[in-house]
A.B. asks: 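Before we start, here is the structure in question, set down as C-alpha coordinates.
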Amino acid sequence: MADVTKEQVLEKLKGVLGPDMDGNIVDMGLVSDVFISDSKVYFSITVPAERARELDPLRAAAERVVKDIPGVKGAMVALTADRKAPSSSAPVQRPAAAPSHSGHAHAGPTHAAPGQRPAAPAKSGIPGVGAIIAVASGKGGVGKSTTSVNLALALKANGLRVGILDADIYGPSMPRLLKISGRPQQIEGRMIRPMENYGLKVMSMGFLVDEEVAMIWRGPMIQSALLQMLREVAWGELDVLVVDMPPGTGDAQLTMAQQVPLAGAVIVSTPQDLALVDARKGLAMFRKVEVPVFGIVENMSYFIAPDTGKRYDIFGHGGARKEAERIGVPFLGEVPLTIGIRETSDAGTPVVACEPDSEIARVYREIARKVWDQISAQKADTSRAMPSIVFE
(Lines give C-alpha, C1' and ligand atoms only; values in the text may rest on other atoms or scores of the structure.)
Protein backbone atom coordinates (compact mmCIF):
# COMPACT_ATOMS: atom_id res chain seq x y z
CA MET A 1 0.00 0.00 0.00
CA ALA A 2 1.32 3.43 -0.99
CA ASP A 3 2.29 5.92 1.69
CA VAL A 4 -0.31 8.47 2.72
CA THR A 5 0.39 11.93 1.27
CA LYS A 6 -0.35 15.46 2.48
CA GLU A 7 -2.41 15.99 -0.65
CA GLN A 8 -4.69 13.06 0.25
CA VAL A 9 -5.16 14.43 3.74
CA LEU A 10 -5.96 17.95 2.55
CA GLU A 11 -8.40 16.64 -0.06
CA LYS A 12 -10.28 14.72 2.64
CA LEU A 13 -10.29 17.73 4.95
CA LYS A 14 -12.05 19.79 2.27
CA GLY A 15 -15.14 17.84 3.30
CA VAL A 16 -15.07 19.40 6.79
CA LEU A 17 -17.08 22.62 7.05
CA GLY A 18 -15.64 25.68 8.78
CA PRO A 19 -16.84 27.22 12.05
CA ASP A 20 -19.91 28.90 10.52
CA MET A 21 -20.73 26.26 7.88
CA ASP A 22 -19.90 28.58 4.99
CA GLY A 23 -16.76 27.02 3.59
CA ASN A 24 -14.33 24.17 4.24
CA ILE A 25 -11.42 24.35 6.67
CA VAL A 26 -8.77 23.89 3.96
CA ASP A 27 -9.94 26.64 1.60
CA MET A 28 -10.46 28.94 4.60
CA GLY A 29 -6.77 28.52 5.50
CA LEU A 30 -7.46 27.07 8.95
CA VAL A 31 -5.33 23.91 8.62
CA SER A 32 -1.68 24.04 9.69
CA ASP A 33 1.08 22.29 7.78
CA VAL A 34 0.28 18.56 7.75
CA PHE A 35 2.98 16.29 9.17
CA ILE A 36 2.95 12.52 8.54
CA SER A 37 5.17 10.08 10.44
CA ASP A 38 4.88 6.30 10.65
CA SER A 39 1.42 6.50 8.95
CA LYS A 40 0.16 8.84 11.67
CA VAL A 41 -1.11 12.29 10.68
CA TYR A 42 -0.57 15.44 12.79
CA PHE A 43 -2.01 18.91 12.22
CA SER A 44 -3.96 21.67 13.95
CA ILE A 45 -6.97 23.81 13.07
CA THR A 46 -6.92 27.52 13.85
CA VAL A 47 -10.10 28.92 15.43
CA PRO A 48 -10.95 32.01 17.50
CA ALA A 49 -9.72 31.46 21.05
CA GLU A 50 -13.08 32.30 22.62
CA ARG A 51 -14.80 29.58 20.56
CA ALA A 52 -12.32 26.73 21.12
CA ARG A 53 -14.56 24.70 23.46
CA GLU A 54 -17.65 25.24 21.26
CA LEU A 55 -15.79 24.08 18.14
CA ASP A 56 -14.32 20.84 19.47
CA PRO A 57 -16.79 18.82 17.32
CA LEU A 58 -15.09 20.39 14.29
CA ARG A 59 -11.76 18.99 15.48
CA ALA A 60 -13.33 15.58 16.06
CA ALA A 61 -14.86 15.59 12.56
CA ALA A 62 -11.49 16.40 10.98
CA GLU A 63 -9.86 13.60 12.94
CA ARG A 64 -12.52 11.09 11.84
CA VAL A 65 -12.22 11.84 8.12
CA VAL A 66 -8.42 11.56 8.24
CA LYS A 67 -8.55 8.25 10.13
CA ASP A 68 -10.82 6.92 7.35
CA ILE A 69 -8.06 7.34 4.75
CA PRO A 70 -6.68 3.91 3.80
CA GLY A 71 -3.23 3.44 5.31
CA VAL A 72 -3.65 5.97 8.13
CA LYS A 73 -2.94 4.36 11.52
CA GLY A 74 -3.94 7.33 13.62
CA ALA A 75 -4.40 11.09 13.75
CA MET A 76 -3.53 13.82 16.24
CA VAL A 77 -5.57 16.98 15.70
CA ALA A 78 -5.87 20.02 17.95
CA LEU A 79 -7.57 23.38 17.89
CA THR A 80 -5.15 26.26 18.16
CA ALA A 81 -5.44 30.03 18.35
CA ASP A 82 -1.76 30.73 17.68
CA ARG A 83 -2.68 33.24 15.01
CA LYS A 84 -5.85 35.14 14.18
CA ALA A 85 -8.25 32.95 12.22
CA PRO A 86 -8.95 34.23 8.69
CA SER A 87 -12.38 35.78 8.38
CA SER A 88 -15.00 34.21 6.13
CA SER A 89 -17.84 35.92 4.32
CA ALA A 90 -19.87 35.82 7.54
CA PRO A 91 -18.28 37.44 10.60
CA VAL A 92 -17.51 35.19 13.55
CA GLN A 93 -19.87 35.98 16.41
CA ARG A 94 -19.13 35.56 20.10
CA PRO A 95 -21.51 33.21 21.94
CA ALA A 96 -24.31 35.14 23.64
CA ALA A 97 -23.85 35.88 27.31
CA ALA A 98 -25.82 33.63 29.64
CA PRO A 99 -28.84 35.40 31.13
CA SER A 100 -29.05 35.87 34.87
CA HIS A 101 -32.09 35.14 36.99
CA SER A 102 -33.04 38.81 36.77
CA GLY A 103 -33.10 38.63 32.99
CA HIS A 104 -29.93 40.70 32.49
CA ALA A 105 -26.83 39.25 30.88
CA HIS A 106 -23.87 38.60 33.14
CA ALA A 107 -21.10 40.99 32.29
CA GLY A 108 -18.16 39.48 30.42
CA PRO A 109 -14.49 40.39 30.83
CA THR A 110 -14.99 43.75 29.11
CA HIS A 111 -17.36 44.77 31.93
CA ALA A 112 -14.83 44.34 34.72
CA ALA A 113 -14.79 46.95 37.45
CA PRO A 114 -12.51 49.95 36.82
CA GLY A 115 -8.89 49.07 37.50
CA GLN A 116 -9.54 45.31 37.33
CA ARG A 117 -7.79 43.05 34.85
CA PRO A 118 -10.20 41.08 32.63
CA ALA A 119 -10.59 37.52 33.89
CA ALA A 120 -8.53 34.95 31.98
CA PRO A 121 -10.53 32.12 30.38
CA ALA A 122 -10.76 29.04 32.59
CA LYS A 123 -8.22 26.33 31.79
CA SER A 124 -9.69 22.91 31.18
CA GLY A 125 -8.44 20.31 33.65
CA ILE A 126 -8.18 16.53 33.31
CA PRO A 127 -11.03 14.51 34.82
CA GLY A 128 -9.84 12.47 37.80
CA VAL A 129 -6.47 14.25 38.13
CA GLY A 130 -6.14 16.22 41.35
CA ALA A 131 -3.04 18.29 40.57
CA ILE A 132 -0.65 18.74 37.63
CA ILE A 133 2.94 19.80 38.30
CA ALA A 134 5.60 20.68 35.75
CA VAL A 135 9.26 19.75 36.23
CA ALA A 136 11.32 22.15 34.13
CA SER A 137 14.83 23.44 33.52
CA GLY A 138 16.29 26.35 31.63
CA LYS A 139 18.74 24.12 29.77
CA GLY A 140 19.39 20.48 28.98
CA GLY A 141 21.86 18.20 30.73
CA VAL A 142 20.92 19.07 34.32
CA GLY A 143 19.13 15.78 35.09
CA LYS A 144 15.56 17.06 34.77
CA SER A 145 14.05 13.80 33.48
CA THR A 146 15.81 11.72 36.14
CA THR A 147 14.50 14.17 38.74
CA SER A 148 10.98 13.93 37.27
CA VAL A 149 10.94 10.13 37.46
CA ASN A 150 12.29 9.95 40.99
CA LEU A 151 10.02 12.76 42.17
CA ALA A 152 7.01 10.87 40.76
CA LEU A 153 8.14 7.65 42.45
CA ALA A 154 8.77 9.53 45.70
CA LEU A 155 5.26 11.01 45.63
CA LYS A 156 3.95 7.46 45.15
CA ALA A 157 6.16 6.19 47.99
CA ASN A 158 4.57 8.89 50.16
CA GLY A 159 1.18 7.28 49.56
CA LEU A 160 -0.17 9.13 46.50
CA ARG A 161 -1.60 7.94 43.17
CA VAL A 162 0.76 9.28 40.53
CA GLY A 163 1.15 9.49 36.76
CA ILE A 164 3.92 10.96 34.64
CA LEU A 165 3.67 12.61 31.22
CA ASP A 166 6.80 12.90 29.11
CA ALA A 167 6.25 16.27 27.40
CA ASP A 168 9.72 16.32 25.82
CA ILE A 169 8.51 15.83 22.25
CA TYR A 170 11.97 16.00 20.71
CA GLY A 171 13.80 13.80 23.22
CA PRO A 172 11.36 11.54 25.09
CA SER A 173 13.19 9.56 27.77
CA MET A 174 10.48 7.91 29.89
CA PRO A 175 10.42 4.62 27.94
CA ARG A 176 14.10 4.12 28.75
CA LEU A 177 14.06 5.54 32.29
CA LEU A 178 11.09 3.39 33.29
CA LYS A 179 12.00 0.33 31.17
CA ILE A 180 8.75 0.33 29.22
CA SER A 181 8.37 -0.81 25.60
CA GLY A 182 5.47 -1.36 23.24
CA ARG A 183 2.56 0.76 22.07
CA PRO A 184 -0.35 2.03 24.18
CA GLN A 185 -3.76 0.50 23.44
CA GLN A 186 -6.71 2.52 22.24
CA ILE A 187 -9.87 1.93 24.23
CA GLU A 188 -13.40 3.32 23.95
CA GLY A 189 -13.78 6.52 21.98
CA ARG A 190 -10.48 8.26 21.23
CA MET A 191 -9.00 7.41 24.62
CA ILE A 192 -5.62 5.72 25.02
CA ARG A 193 -4.68 3.52 27.96
CA PRO A 194 -1.40 4.74 29.52
CA MET A 195 1.55 2.40 29.98
CA GLU A 196 2.51 1.40 33.52
CA ASN A 197 5.56 0.40 35.56
CA TYR A 198 6.59 0.74 39.22
CA GLY A 199 2.99 1.72 39.99
CA LEU A 200 3.15 4.84 37.79
CA LYS A 201 0.84 5.53 34.84
CA VAL A 202 3.01 6.80 31.99
CA MET A 203 2.51 8.47 28.61
CA SER A 204 5.26 9.53 26.21
CA MET A 205 5.70 10.35 22.54
CA GLY A 206 8.43 7.70 22.75
CA PHE A 207 5.68 5.04 22.85
CA LEU A 208 4.09 6.36 19.64
CA VAL A 209 7.06 7.14 17.42
CA ASP A 210 10.12 4.97 16.81
CA GLU A 211 13.27 6.07 18.63
CA GLU A 212 15.11 6.76 15.37
CA VAL A 213 12.40 9.04 13.95
CA ALA A 214 13.40 12.72 13.91
CA MET A 215 10.61 14.93 15.27
CA ILE A 216 10.66 18.05 13.06
CA TRP A 217 7.66 19.84 14.53
CA ARG A 218 6.56 23.44 14.82
CA GLY A 219 4.43 25.13 17.48
CA PRO A 220 0.91 23.99 16.49
CA MET A 221 2.04 20.37 16.11
CA ILE A 222 3.69 20.39 19.53
CA GLN A 223 0.58 21.93 21.05
CA SER A 224 -1.63 19.33 19.37
CA ALA A 225 0.45 16.38 20.55
CA LEU A 226 0.77 17.64 24.13
CA LEU A 227 -2.92 18.38 24.60
CA GLN A 228 -3.93 15.01 23.18
CA MET A 229 -1.47 13.15 25.40
CA LEU A 230 -2.98 15.01 28.35
CA ARG A 231 -6.69 14.88 27.57
CA GLU A 232 -7.11 11.77 25.46
CA VAL A 233 -5.33 9.40 27.84
CA ALA A 234 -7.34 7.40 30.37
CA TRP A 235 -5.36 8.53 33.42
CA GLY A 236 -8.03 7.37 35.86
CA GLU A 237 -7.98 8.71 39.41
CA LEU A 238 -4.65 10.39 40.21
CA ASP A 239 -3.60 12.63 43.06
CA VAL A 240 -0.73 14.06 41.01
CA LEU A 241 0.34 14.08 37.37
CA VAL A 242 4.03 14.96 36.98
CA VAL A 243 4.91 16.51 33.60
CA ASP A 244 8.52 16.19 32.48
CA MET A 245 8.95 19.34 30.38
CA PRO A 246 11.47 19.78 27.58
CA PRO A 247 14.36 22.10 28.46
CA GLY A 248 14.07 25.79 27.70
CA THR A 249 11.12 28.16 27.38
CA GLY A 250 9.55 27.31 24.04
CA ASP A 251 6.23 26.15 22.59
CA ALA A 252 5.75 23.15 24.88
CA GLN A 253 6.25 25.20 28.04
CA LEU A 254 3.91 27.96 26.87
CA THR A 255 1.24 25.45 25.84
CA MET A 256 1.35 23.82 29.27
CA ALA A 257 1.42 27.10 31.16
CA GLN A 258 -1.32 28.82 29.18
CA GLN A 259 -3.76 25.98 28.51
CA VAL A 260 -3.36 23.55 31.41
CA PRO A 261 -4.27 24.34 35.05
CA LEU A 262 -0.81 23.70 36.49
CA ALA A 263 -0.73 23.59 40.28
CA GLY A 264 2.89 24.71 40.07
CA ALA A 265 6.37 24.11 38.71
CA VAL A 266 9.59 22.60 40.05
CA ILE A 267 12.79 24.02 38.55
CA VAL A 268 15.86 21.77 38.28
CA SER A 269 19.34 23.27 38.07
CA THR A 270 22.93 22.35 38.73
CA PRO A 271 24.96 24.65 41.04
CA GLN A 272 27.11 26.48 38.50
CA ASP A 273 26.36 30.02 37.39
CA LEU A 274 25.77 29.10 33.73
CA ALA A 275 22.97 26.67 34.62
CA LEU A 276 21.45 29.14 37.07
CA VAL A 277 21.28 31.85 34.41
CA ASP A 278 19.10 29.53 32.30
CA ALA A 279 17.08 28.43 35.34
CA ARG A 280 16.17 32.08 35.95
CA LYS A 281 14.60 32.22 32.48
CA GLY A 282 12.38 29.27 33.34
CA LEU A 283 11.39 30.84 36.63
CA ALA A 284 10.60 34.14 34.92
CA MET A 285 8.44 32.42 32.31
CA PHE A 286 6.28 30.60 34.86
CA ARG A 287 5.86 33.75 36.90
CA LYS A 288 4.89 35.74 33.80
CA VAL A 289 2.06 33.30 33.05
CA GLU A 290 1.08 33.21 36.74
CA VAL A 291 2.05 29.60 37.46
CA PRO A 292 3.31 29.17 41.06
CA VAL A 293 6.91 28.00 41.41
CA PHE A 294 7.12 25.34 44.11
CA GLY A 295 10.87 25.76 44.32
CA ILE A 296 14.30 24.81 43.01
CA VAL A 297 16.10 21.46 43.18
CA GLU A 298 19.90 21.57 43.05
CA ASN A 299 20.86 18.44 41.11
CA MET A 300 24.43 17.08 40.95
CA SER A 301 24.98 19.19 44.04
CA TYR A 302 28.13 17.44 45.27
CA PHE A 303 30.06 14.18 44.87
CA ILE A 304 31.19 11.80 47.60
CA ALA A 305 34.14 9.65 46.52
CA PRO A 306 33.13 6.02 47.16
CA ASP A 307 36.68 4.95 48.09
CA THR A 308 37.64 7.77 50.46
CA GLY A 309 34.34 9.33 51.46
CA LYS A 310 35.76 12.73 50.56
CA ARG A 311 33.31 15.32 49.26
CA TYR A 312 33.94 17.17 45.99
CA ASP A 313 31.88 20.17 44.79
CA ILE A 314 32.48 19.43 41.11
CA PHE A 315 30.03 22.04 39.79
CA GLY A 316 30.35 24.39 42.74
CA HIS A 317 27.83 24.17 45.56
CA GLY A 318 24.89 26.09 46.97
CA GLY A 319 24.20 28.20 43.89
CA ALA A 320 20.59 27.02 43.58
CA ARG A 321 19.92 27.58 47.29
CA LYS A 322 21.25 31.15 47.05
CA GLU A 323 19.19 31.76 43.90
CA ALA A 324 16.04 30.50 45.63
CA GLU A 325 16.66 32.82 48.56
CA ARG A 326 17.38 35.73 46.22
CA ILE A 327 14.12 35.45 44.31
CA GLY A 328 11.98 34.30 47.22
CA VAL A 329 11.00 30.73 46.27
CA PRO A 330 11.50 27.58 48.38
CA PHE A 331 14.71 25.58 48.10
CA LEU A 332 13.52 21.99 47.79
CA GLY A 333 16.75 20.06 48.30
CA GLU A 334 20.19 18.94 47.14
CA VAL A 335 20.56 15.76 45.11
CA PRO A 336 24.17 14.53 45.03
CA LEU A 337 25.99 13.34 41.93
CA THR A 338 26.34 9.58 42.32
CA ILE A 339 27.26 6.69 40.08
CA GLY A 340 24.21 4.85 41.45
CA ILE A 341 21.72 7.39 40.07
CA ARG A 342 23.36 7.20 36.66
CA GLU A 343 23.46 3.38 36.63
CA THR A 344 19.88 2.90 37.83
CA SER A 345 18.58 5.49 35.35
CA ASP A 346 20.38 3.85 32.43
CA ALA A 347 19.04 0.45 33.49
CA GLY A 348 15.44 1.66 33.73
CA THR A 349 15.33 0.96 37.47
CA PRO A 350 15.11 4.42 39.11
CA VAL A 351 16.81 4.71 42.47
CA VAL A 352 13.64 5.48 44.45
CA ALA A 353 12.07 2.25 43.13
CA CYS A 354 15.04 -0.10 43.37
CA GLU A 355 16.78 1.33 46.47
CA PRO A 356 13.87 2.76 48.51
CA ASP A 357 15.81 2.76 51.79
CA SER A 358 18.88 4.57 50.41
CA GLU A 359 19.91 8.08 51.41
CA ILE A 360 19.25 9.28 47.85
CA ALA A 361 15.69 7.94 47.94
CA ARG A 362 15.19 9.76 51.24
CA VAL A 363 16.27 13.03 49.61
CA TYR A 364 13.72 12.59 46.80
CA ARG A 365 10.95 11.68 49.26
CA GLU A 366 11.67 14.85 51.25
CA ILE A 367 11.49 16.93 48.05
CA ALA A 368 8.19 15.21 47.23
CA ARG A 369 6.85 15.98 50.72
CA LYS A 370 7.67 19.69 50.33
CA VAL A 371 5.95 19.82 46.93
CA TRP A 372 2.85 18.00 48.20
CA ASP A 373 2.65 20.29 51.24
CA GLN A 374 2.38 23.26 48.88
CA ILE A 375 -0.28 21.54 46.74
CA SER A 376 -2.27 20.72 49.90
CA ALA A 377 -2.00 24.34 51.06
CA GLN A 378 -3.32 25.50 47.66
CA LYS A 379 -6.30 23.16 47.91
CA ALA A 380 -7.06 24.36 51.43
CA ASP A 381 -7.11 27.98 50.20
CA THR A 382 -9.38 27.28 47.22
CA SER A 383 -11.78 25.16 49.28
CA ARG A 384 -12.76 28.16 51.41
CA ALA A 385 -15.96 29.86 50.35
CA MET A 386 -15.17 33.07 48.47
CA PRO A 387 -17.50 36.02 47.86
CA SER A 388 -18.78 36.36 44.30
CA ILE A 389 -19.36 39.76 42.70
CA VAL A 390 -21.45 39.84 39.52
CA PHE A 391 -22.03 43.04 37.55
CA GLU A 392 -25.46 43.05 35.91
A.B. asks: Could you give all pairs that pass the salt bridge (charged side-chain N to carboxylate O under 4.0 Å, His left out) test and reach residues 334-353, with sequence neighbours left out?
C.D. replies: Arg321-Glu334, Arg342-Asp346
A.B. asks: Can you list everything that forms a salt bridge (charged side-chain N to carboxylate O under 4.0 Å, His left out) with Arg369? Sequence neighbours excluded, please.
C.D. replies: Glu366, Asp373
A.B. asks: Going by salt bridge (charged side-chain N to carboxylate O under 4.0 Å, His left out), name the pairs with one or both residues in residues 154-168, residues two or more places apart or in two chains.
C.D. replies: Arg161-Asp239
A.B. asks: Looking only at atom types and distance, does a side-chain atom of Lys370 sit under 3.5 Å from a main-chain N or O of Leu332, one as donor and one as acceptor?
C.D. replies: yes
A.B. asks: Taking only residues two or more places apart in sequence or in another chain, which ones pass side chain to side chain contact (heavy atoms under 4.5 Å, CB included) with Ser39?
C.D. replies: Lys73
A.B. asks: Check the pair Met300, Val335 against side chain to side chain contact (heavy atoms under 4.5 Å, CB included), reporting the backbone distance first and the verdict last.
C.D. replies: CA-CA 6 Å; Met300 307 181 200; Val335 179; over 6 Å; no
A.B. asks: For Lys144 versus Met245, what's the shortest heavy-atom pair and its separation?
C.D. replies: NZ-O, 2.5 Å
A.B. asks: Please assess Phe286 against Leu262 for the test side chain to side chain contact (heavy atoms under 4.5 Å, CB included), listing each intermediate value before the final yes or no.
C.D. replies: CA-CA 10 Å; Phe286 283 115; Leu262 292 174; 4.3 Å; yes
A.B. asks: Let me see the working for Val142 and Ser137 under side chain to side chain contact (heavy atoms under 4.5 Å, CB included), right down to the final yes or no.
C.D. replies: CA-CA 8 Å; Val142 299; Ser137 64; 3.6 Å; yes
A.B. asks: Using a 4.5 Å cut-off between side-chain heavy atoms of Ile, Leu, Val, Met, Phe, Trp and Tyr, which other residues end up in the same hydrophobic cluster as Phe331?
C.D. replies: none
A.B. asks: If you measure from CE on Met191 to CD on Gln185, what distance do you get to the nearest 0.5 Å?
C.D. replies: 14.0 Å
A.B. asks: Between CG of Leu13 and NZ of Lys6, what distance do you get to the nearest 0.5 Å?
C.D. replies: 13.0 Å
A.B. asks: Indicate yes or no: at least one non-hydrogen side-chain atom of Leu178 is less than 4.5 angstrom from one of Pro350.
C.D. replies: yes
A.B. asks: Find the distance between CD1 (Ile267) and OG1 (Thr147) and round it off to the nearest 0.5 Å.
C.D. replies: 11.5 Å
A.B. asks: How many angstroms lie between atom CE of Met174 and atom OG of Ser148, to the nearest 0.5 angstrom?
C.D. replies: 5.0 Å
A.B. asks: Test side chain to side chain contact (heavy atoms under 4.5 Å, CB included) on Leu241 and Val162; report intermediate values, then the result.
C.D. replies: CA-CA 6 Å; Leu241 178 64; Val162 185; over 6 Å; no
A.B. asks: Can you check whether Lys14 reaches Asp27 side chain to side chain, under 4.5 Å on heavy atoms?
C.D. replies: yes
A.B. asks: Is it the case that more than 12 heavy atoms not belonging to Ile339 sit under 6.0 Å from its CD1 atom?
C.D. replies: no
A.B. asks: Return the minimal non-hydrogen interatomic distance between Ile360 and Thr338, and the atom names on each side.
C.D. replies: CD1-CG2, 3.9 Å
A.B. asks: Nearest heavy-atom pair of Asn299 and Gly143: which atoms, and what distance?
C.D. replies: ND2-CA, 3.5 Å
A.B. asks: Under 3.5 Å, is there a donor-acceptor pair linking the side chains of Ser145 and Asp244?
C.D. replies: yes
A.B. asks: Of the non-hydrogen atoms in Ala75 and Val66, which two are nearest, and what is the gap between them?
C.D. replies: CB-CG1, 4.1 Å
A.B. asks: Quick one: do Glu359 and Arg362 make a salt bridge, cutoff under 4.0 Å?
C.D. replies: yes
A.B. asks: Of all residues at least two apart in sequence or in a different chain, which pass the side chain to side chain contact (heavy atoms under 4.5 Å, CB included) check with Thr349?
C.D. replies: Tyr198, Thr344, Ala347, Cys354
A.B. asks: Under a 4.5 Å cut-off applied to non-hydrogen side-chain atoms, are Leu337 and Tyr312 in contact?
C.D. replies: no
A.B. asks: Look up atom OG in Ser204 and atom CD1 in Ile164, then write down how far apart they are to the nearest 0.5 Å.
C.D. replies: 9.5 Å
A.B. asks: Indicate yes or no: at least one non-hydrogen side-chain atom of Ile192 is less than 4.5 angstrom from one of Ile187.
C.D. replies: no
A.B. asks: How far apart are the closest heavy atoms of Lys179 and Asn197, and which atoms are they?
C.D. replies: O-ND2, 3.8 Å
A.B. asks: Rounded to the nearest 0.5 Å, what separation is found between the CZ atom of Arg64 and the CZ atom of Arg59?
C.D. replies: 9.5 Å
A.B. asks: Both conditions, 6.0 Å and 45 degrees, for the charged tip of Arg311 above the ring of Tyr302: are they met here?
C.D. replies: yes
A.B. asks: Can you find a heavy atom in the side chain of Leu155 that is under 4.5 Å from one in the side chain of Ile133?
C.D. replies: yes
A.B. asks: If we ignore hydrogens and angles and just use 3.5 Å, is the side chain of Ser301 paired with the main-chain N or O of Glu298 as donor and acceptor?
C.D. replies: no
A.B. asks: Would you name the heavy atoms of Val352 and Ala154 that are closest together and state the gap between them?
C.D. replies: CG1-N, 3.8 Å
A.B. asks: Side chains of Trp235 and Ile126: closer than 4.5 Å at any heavy-atom pair?
C.D. replies: yes
A.B. asks: Do Glu323 and Ile296 have side chains that approach each other closer than 4.5 Å (heavy atoms only, starting at C-beta)?
C.D. replies: yes
A.B. asks: Tell me, do Ile45 and Leu55 make a side-chain contact under 4.5 Å, heavy atoms counted?
C.D. replies: no
